[in-house]
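One structure, pasted below without further comment.
In what follows, every chain begins at residue 1, and chains take the letters A, B, ... in the order their sequences are listed.
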2 protein chains.
Amino acid sequence: MSCGKRLAEQLHERGYRVTAQRTIILETIAHMENHISAQQVYEGARERLPGLNLATVYRTVESLKGAGMINMLSTGGEPMRFSLCDPEHPHSHLVCRECGSIFELEAEEIEAFARRVEETTSFRIDSVHLTLEGLCQICKQKPAAS
Amino acid sequence: MSCGKRLAEQLHERGYRVTAQRTIILETIAHMENHISAQQVYEGARERLPGLNLATVYRTVESLKGAGMINMLSTGGEPMRFSLCDPEHPHSHLVCRECGSIFELEAEEIEAFARRVEETTSFRIDSVHLTLEGLCQICKQKPAAS
DNA sequence: TTCGTAGTTGCAAAGATTTGCATAAACTTA
DNA sequence: TAAGTTTATGCAAATCTTTGCAACTACGAA
């Protein structure tokens with residue numbers, strides 16, 4: 001089955017309507033190596049769906065996040081960026097505030113943490129948004145910039 | 001020593017310049033019970049400093065975050081909100097996506113997690129931004145809305 | 001296959017946040 | 001305390017994101 005079709009099926013299973021816009025936006029995000037901004041999604045997806053509107057991109061990524069199909073990443077100051085969730089390989093982000101590089105972090109321990117929080121608070125946790133900021137191995141060896 | 005003076009001193013110790021804007025913005029955030037939006041900070045602080053500009057509020061909270069003096073909280077869709085860091089009592093947030101209520105979460109375990117990440121990745125972690133979303137005890141008992 | 005309902009989209013406008021630049025203020029040093 | 005350097009501020013404009021509303025479309029039921 002094609003990548004787009006499988007994604008559309010997942011969307012449907014989770015109770016979301018499958019539209020051309022959603023399918024194409026999802027494929028656009030899926031085919032990107034790195035995290036991609038709303039503007040980039042818009043430009044990429046519009047090549048295949050010229051009438052697409054930027055507001056639709058924003059509403060769609062919000063839905064896709066609700067469906068647990070994409071990750072959102074916000075690094076200080078810069079616009080939000082998105083990437084496809086890989087259910088086999090959940091992760092959180094490690095952002096270097098000096099050089100901006102992004103590392104991914106396995107989330108098993110965060111999952112375990114979330115389950116523990118559920119027990120102590122009676123919350124039902126749906127999504128864990130974790131971003132760690134700091135200095136990467138290279139930048140932390142340089143003298144402080146300021 | 002007054003609250004504002006103590007905060008200004010902390011700011012100075014961390015290498016940031018102490019200006020009237022920063023002091024008043026910091027006090028405005030400190031005197032709020034709950035998390036407060038940029039607009040609210042602006043309105044509150046402007047009563048004491050009429051010439052204050054909204055852009056300054058945004059730049060200031062960015063600096064204050066860099067200084068580790070405030071927490072930022074983003075709940076899906078809504079504008080960013082801020083609160084004073086309490087070093088005796090670090091915390092992360094638990095947001096109910098149904099009723100919007102916010103709970104605070106002790107962060108000892110997150111701290112421990114961050115230290116472990118430092119060991120495995122050679123990163124130096126400065127800030128941990130964690131927001132957990134889900135359903136609170138009350139909302140999870142209601143039937144699904146959609 | 002057709003119909004009805006509820007969820008989606010496009011558009012335009014509003015709201016939130018960031019940025020460039022000239023001016024002003026804070027802090028260091030003498 | 002005055003001068004010089006560096007950083008912060010205000011303003012206006014740009015950018016990013018959300019929202020209201022009318023038209024449209026997906027999809028379950030008939």
For B:Q21, check side-chain hydrogen bond (donor to acceptor under 3.5 Å, both in side chains) against everything at least two apart and list the hits.
none
Separation of C:dG7 P from A:E62 CD (nearest whole Å)
17 Å
Any residue meeting salt bridge (charged side-chain N to carboxylate O under 4.0 Å, His left out) with A:E43, in chain and number order, not counting sequence neighbours:
none
Distance check needed: C:dT18 C1' versus B:K65 NZ, whole Å only.
14 Å
For B:S122, check side-chain hydrogen bond (donor to acceptor under 3.5 Å, both in side chains) against everything at least two apart and list the hits.
none
Take atom CZ of B:R22 and atom C1' of D:dA8, then tell me their distance rounded to the nearest Å.
6 Å
Which residues pass the side-chain hydrogen bond (donor to acceptor under 3.5 Å, both in side chains) test with A:Y16, sequence neighbours left out?
none
When rounded to whole Å, the CD1 to C1' distance for the pair B:I24 and D:dG10 reads 15 Å
For the pair made of CE in B:M72 and P in C:dA16, what is the distance, rounded to whole Å?
15 Å
Got a sec, which residues hit side-chain hydrogen bond (donor to acceptor under 3.5 Å, both in side chains) with A:R46, two or more places apart in sequence or on another chain?
A:Y42
Which residues satisfy the side chain to side chain contact (heavy atoms under 4.5 Å, CB included) test with B:M80, sequence neighbours excluded?
B:M72, B:S74, B:F82
Do A:L64 and A:L84 have side-chain heavy atoms sitting under 4.5 Å apart?
no
Contact list for residues 48-64 of chain B, test salt bridge (Lys or Arg N to Asp or Glu O under 4.0 Å), sequence neighbours left out
B:E27-B:R48, B:E62-B:K65
What does the inter-axis angle of the helix from C:dT1-D:dA30 to C:dA30-D:dT1 come out as, five pairs per end, nearest 10 degrees?
50°
Nearest-Å distance for atom pair OH/P, residues A:Y58 and D:dT19
13 Å
For B:T121, give me all partners under side chain to side chain contact (heavy atoms under 4.5 Å, CB included), at least two apart in sequence or on another chain.
A:L94, A:L105, B:V117, B:F123
Output the residues of residues 37-53 of chain A in contact with DNA chain C, where contact means a heavy atom of the residue under 4.0 Å from an atom of the strand; sort by number or write none.
A:G51, A:L52, A:N53
For A:T60, which of A:T23, A:T19, A:V41, A:I25 qualifies under side-chain contact (heavy atoms from CB on, under 4.5 Å)?
A:I25
From CE of B:M80 across to P of C:dA16 the rounded distance in Å is 13 Å
Can you build the contact string for nucleotides 20-30 of chain D? Use B for base contact, S for sugar-phosphate-only contact, and - for no protein heavy atom under 4.0 Å.
B----BBSS--
Side chain to side chain contact (heavy atoms under 4.5 Å, CB included) with A:T28: which residues, sequence neighbours excluded?
A:I24, A:I36, A:A45
When you measure from the side chain of A:T60, which nucleotide among D:dT17, C:dT17, C:dT9 comes out closest?
C:dT9
Nucleotide D:dT7, atom P - distance to CD of B:Q21 in whole Å
17 Å
Which of the following nucleotides, C:dG10, D:dT9, D:dC16, is nearest to the side chain of A:P79?
D:dC16
